[in-house]
S.K.: 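Handing you a structure now.
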Amino acid sequence: MADPRLLDDLLVGAVDVLPEGALEAKLDLAERERRPLRVKLGVDPTAPDIHLGHTVVLNKLRQFQDAGHVAVLIIGDYTARIGDPSGRSKTRPRLDGAVIDANAETYKEQAFRVLDDDPERLEIRYNGEWLAPLTMEQLFEITATTTVARILERDDFARRWAAHQPISMLEMLYPFAQGYDSVAVRADIELGGTDQVFNLFMGRDLQTYFGQEPQAVLTMDILPGTDGVERMSKSVGNYIGVDEDPRDMYGKVMSIPDAAILTYFRLLTPHHADELAALQREYDEGAVNPRDLKARLAREIITRLRGAEAAAAAETHFDTVFRRRESAADLQALELRPDDVEEGGGVFLPAVLERWFGQTRSEWRRRIVQGGVSLDGEPVSALAVPVAALAGRHLKAGKSATAQGVVRGL
RNA sequence: GGGGGAGUGCCCGAGUGGCUAAAGGGGGCGGACUGUAAAUCCGUUGGCGCAGCCUACCCAGGUUCGAAUCCUGGCUCCCCCA
């Protein structure tokens, strides 16, 4: 019998296990056969770096590793060439080989922040390994297992079909490719987002067709972005990158709406099911200040990805700069150059701000006029200020305050 | 293969010869408020040392005193029929 507490923990953050009872059955199977389960997660290296949304399934995979099972991480170097249509309202751009390879490298690096890299517990495979050598004949065989009607049933295609949006033949092949991955690695369980259900089931069908025991399917909840509403995504701009400056990560976590706090705990931290239930209770009853809960969340997320030291430093920085609104001890130095000073001894701010922080001079002009740039807390009111008023002062631009530093005189 | 429609600022989307740096919305940014939250309100949102100038409505030409708006050619996308 599978350990019920483990089962509960494995189900945290999961939306569904399909078919019903399949996870339990697989755990029992592992016990009977005295072997670890092969838990598959496929990722397409479509973007150069990953954010917390991508780590949700990685976290779950890690949990399986910690329970003694084998994570089979499939880098979809070939499926990336098709472009997963899941949840898409239009065709994904196809990527070429060089971009994919580069993405795959950074992806692996970042995935290791979450996964256990013990070779006994981790297997990394590129699906080009088996997809590239497929013959046309094999493709016939694979695609013959399903009908067009079934493919068109899936939400995303159905919507596009109804809206007269284009669907390319290539996209239709995507589920077959992903499904065949499961056959190739003999997966016992496959993880994915809820938008992946169709693809995950294709894996079961193909495994059955090829005489394998079909995999259990575990779908994970979607992580909302920092806006708390839309799913975290780079294109929406509500993401927290795994490789970002920990101070920014901390700040971004602090900016999520309260309603998203528990979801974040559930999907991003390794708490047991009963601990999460306790947290939820405290939150509901108002026994904790949501702010403090969020701070704890930020600390835990950063600790996991970047280490305890980085987390502590990020928290100190945040408390200093934002809670107490003091200057951070580690402010960057903003260098003035001799040619920044004009005849009258004034410095034209839009020009130096552009050099220090990017953007355009017009943008800085606007911010200054709107009182968005300050020196030692005092809003700057003129476009040009004397060097004496700048040197040694703490310059801050905007409330996000990612743009700030101490001006170093000449 | 035949017929039709569309390409506007970060995005959506108005605009059919001058009043258009281009309505409206979204998003972003700045301010107030705060828990760097949410909600709300106000302002702002092409570039430029900016009461002015420059560049802009897919691209290249053309008509006109004047074009996002008209004409020609091209590119891209979509729909319908076959």
Side-chain angles (χ1 to χ4, degrees), chain A residues 89-93 159-168 224-240 244-265 283 286 288-299 302 314-328 339-355 357-375 377-386 395-404:
Chain A
S89 56
K90 51 182 169 200
T91 309
R92 255 179 204 274
R159 259 200 303 278
R160 282 161 66 178
W161 183 256
H164 301 297
Q165 294 291 311
I167 301 169
S168 78
T226 49
D227 55 5
V229 183
E230 291 214 61
R231 70 182 297 167
M232 185 173 285
S233 113
K234 195 159 188 177
S235 49
V236 177
N238 60 357
Y239 70 101
I240 304 177
E244 275 186 73
D245 184 322
R247 290 176 299 187
D248 291 336
M249 294 176 74
Y250 195 98
K252 286 188 181 184
V253 173
M254 290 307 282
S255 79
I256 66 171
D258 293 353
I261 297 176
L262 264 297
T263 307
Y264 269 55
F265 266 109
Y283 174 78
V288 281
N289 181 338
R291 203 218 78 89
D292 297 332
L293 199 55
K294 223 149 53 164
R296 177 175 165 192
L297 174 66
R299 218 181 307 125
I302 298 168
E315 179 156 74
T316 307
H317 179 264
F318 181 88
D319 287 348
T320 317
V321 177
F322 298 105
R323 292 186 79 184
R324 297 200 297 276
R325 295 187 181 273
E326 290 165 6
S327 307
D339 57 345
D340 289 333
V341 186
E342 29 207 55
E343 294 141 52
V347 174
F348 185 64
L349 284 175
V352 288
L353 286 165
E354 178 194 36
R355 190 175 76 229
F357 307 119
Q359 311 256 30
T360 61
R361 294 183 183 196
S362 293
E363 178 67 25
W364 287 113
R365 163 187 289 271
R366 228 172 269 133
R367 291 203 199 182
I368 291 170
V369 169
Q370 294 180 134
V373 175
S374 64
L375 283 171
E378 280 299 306
V380 177
S381 55
L383 293 180
V385 298
L395 181 143
K396 198 167 156 186
K399 54 182 165 188
S400 66
T402 43
Q404 61 169 320

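No hydrogens, no waters, no symmetry mates; every other heavy atom, side chains included, goes into these values.
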S.K.: Counting only Watson-Crick or G-U wobble pairs whose two distances fall under 3.5 Å, which nucleotide matches B:A51?
M.R.: none
S.K.: Does B:A32 have a Watson-Crick or wobble mate here (both distances under 3.5 Å), and if so which one?
M.R.: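 Checking every strand shown, B:A32 finds its partner in B:U40, with both distances under 3.5 Å.
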S.K.: side-chain contact (heavy atoms from CB on, under 4.5 Å) for A:Ile368 and A:Leu353? Distances and angles first, verdict last.
M.R.: CA-CA 10 Å; A:Ile368 291 170; A:Leu353 286 165; 3.9 Å; yes
S.K.: Round to a whole Å and report the spacing from CG of A:Asp292 to P of B:G35.
M.R.: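 Rounded to the whole Å, the gap is 12 Å.
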S.K.: Would you say A:Thr360 reaches B:C48's phosphate, i.e. side-chain N/O to OP1/OP2 under 4.0 Å?
M.R.: yes
S.K.: What distance, rounded to whole Å, do you find between the two C1' atoms, one in B:A67 and one in B:G4?
M.R.: 26 Å
S.K.: Rounded to whole angstroms, how far apart are CD on A:Gln359 and P on B:C48?
M.R.: 11 Å
S.K.: Would you mind checking if A:Asp258 and A:Arg291 are paired as a salt bridge, meaning a charged N to carboxylate O distance below 4.0 Å?
M.R.: no
S.K.: Checking A:Phe265 against A:Leu293 for the side-chain contact (heavy atoms from CB on, under 4.5 Å) test, could you report, in this order, the C-alpha distance in whole Å, the side-chain angles of both residues, the deciding distance, and whether it holds?
M.R.: CA-CA 10 Å; A:Phe265 266 109; A:Leu293 199 55; 3.9 Å; yes
S.K.: For B:U45 and B:A23, measure between their P atoms and round to the nearest Å.
M.R.: 11 Å
S.K.: Please report the interatomic distance CE(A:Met254) to NZ(A:Lys294), rounded to the nearest 0.5 Å.
M.R.: 6.0 Å
S.K.: Could you please name the partner base of B:U72, counting Watson-Crick and G-U wobble pairs only when both distances are under 3.5 Å?
M.R.: B:A60
S.K.: Using atom C1' in both nucleotides, what's the gap between B:G26 and B:G9 to the nearest angstrom?
M.R.: 14 Å
S.K.: Of the listed nucleotides (B:G43, B:G35, B:C50), which one gets closest to any side-chain atom of A:Asp258?
M.R.: B:G35
S.K.: With rounding to whole Å, what would you report as the distance between B:U72 and B:C78 at their P atoms?
M.R.: 25 Å
S.K.: Just how far is it from atom OH of A:Tyr250 to atom OG1 of A:Thr316, taken to the nearest 0.5 Å?
M.R.: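 The distance works out to 8.5 Å.
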S.K.: Quickly work out the A:Glu315 CD to B:G35 C1' distance and round it to whole Å.
M.R.: 14 Å
S.K.: Indicate whether OP1 or OP2 belonging to B:G30 is found under 4.0 Å from a side-chain N or O atom of A:Arg365.
M.R.: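 For B:G30, OP1/OP2 do not have a side-chain N/O of A:Arg365 under 4.0 Å.
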S.K.: Rounded to whole angstrom units, what separation is found between the CG atom of A:Leu353 and the P atom of B:G49?
M.R.: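 After rounding, the gap between these two atoms is 12 Å.
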S.K.: Using the side-chain heavy atoms of A:Gln370, tell me which of these nucleotides is nearest: B:C48, B:G35, B:U44.
M.R.: B:U44
S.K.: Between A:Pro257 and A:Asp227, which heavy-atom pair has the shortest distance, and what is it?
M.R.: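 Reported closest heavy-atom pair: CG-O, 3.4 Å.
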S.K.: Could you tell me how far B:G46 sits from B:G28 if I compare only their C1' atoms? Round to whole Å.
M.R.: 15 Å
S.K.: Please pick, from B:G35, B:C48, B:C29, the nucleotide with the shortest atom-to-atom distance to any side-chain atom of A:Ser362.
M.R.: B:C48
S.K.: Please measure how far the C1' atom in B:U16 lies from the corresponding atom in B:C33, and state the result in whole Å.
M.R.: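 The answer is 46 Å between these two C1' atoms.
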S.K.: Taking only the C1' atom of each, what is the distance from B:C75 to B:G15 in whole angstrom?
M.R.: 24 Å
S.K.: Using the C1' atom in both, what is the distance from B:G73 to B:A56, to the nearest Å?
M.R.: 23 Å
S.K.: Determine: side-chain N/O of A:Arg361 to OP1/OP2 of B:G47, distance under 4.0 Å, yes or no.
M.R.: no
S.K.: What N/O pairs connect the protein and nucleotides 52-55 of chain B at under 3.5 Å? Give each pair on its own line.
M.R.:
none

S.K.: Please tell me which of the listed nucleotides, B:G47, B:C29, B:G49, lies nearest to the side chain of A:Arg366?
M.R.: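 Among the listed nucleotides, the one closest to the side chain of A:Arg366 is B:G47.
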S.K.: Return the value, rounded to whole Å, for the distance between atom CZ of A:Arg367 and atom P of B:U44.
M.R.: 16 Å
S.K.: Distance from A:Arg361 atom CZ to A:Leu383 atom CG, nearest 0.5 Å?
M.R.: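 Going from the CZ atom of A:Arg361 to the CG atom of A:Leu383 covers 12.0 Å.
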S.K.: Tell me which nucleotide among B:U45, B:G35, B:G49 gets nearest to the side chain of A:Lys294.
M.R.: B:G35
S.K.: Quick one: look up who B:G1 pairs with, Watson-Crick or G-U, both distances under 3.5 Å, and put none if it's unpaired.
M.R.: B:C81
S.K.: Run A:Tyr239 and A:Thr226 through side-chain contact (heavy atoms from CB on, under 4.5 Å) and show every step you take.
M.R.: CA-CA 6 Å; A:Tyr239 70 101; A:Thr226 49; over 6 Å; no
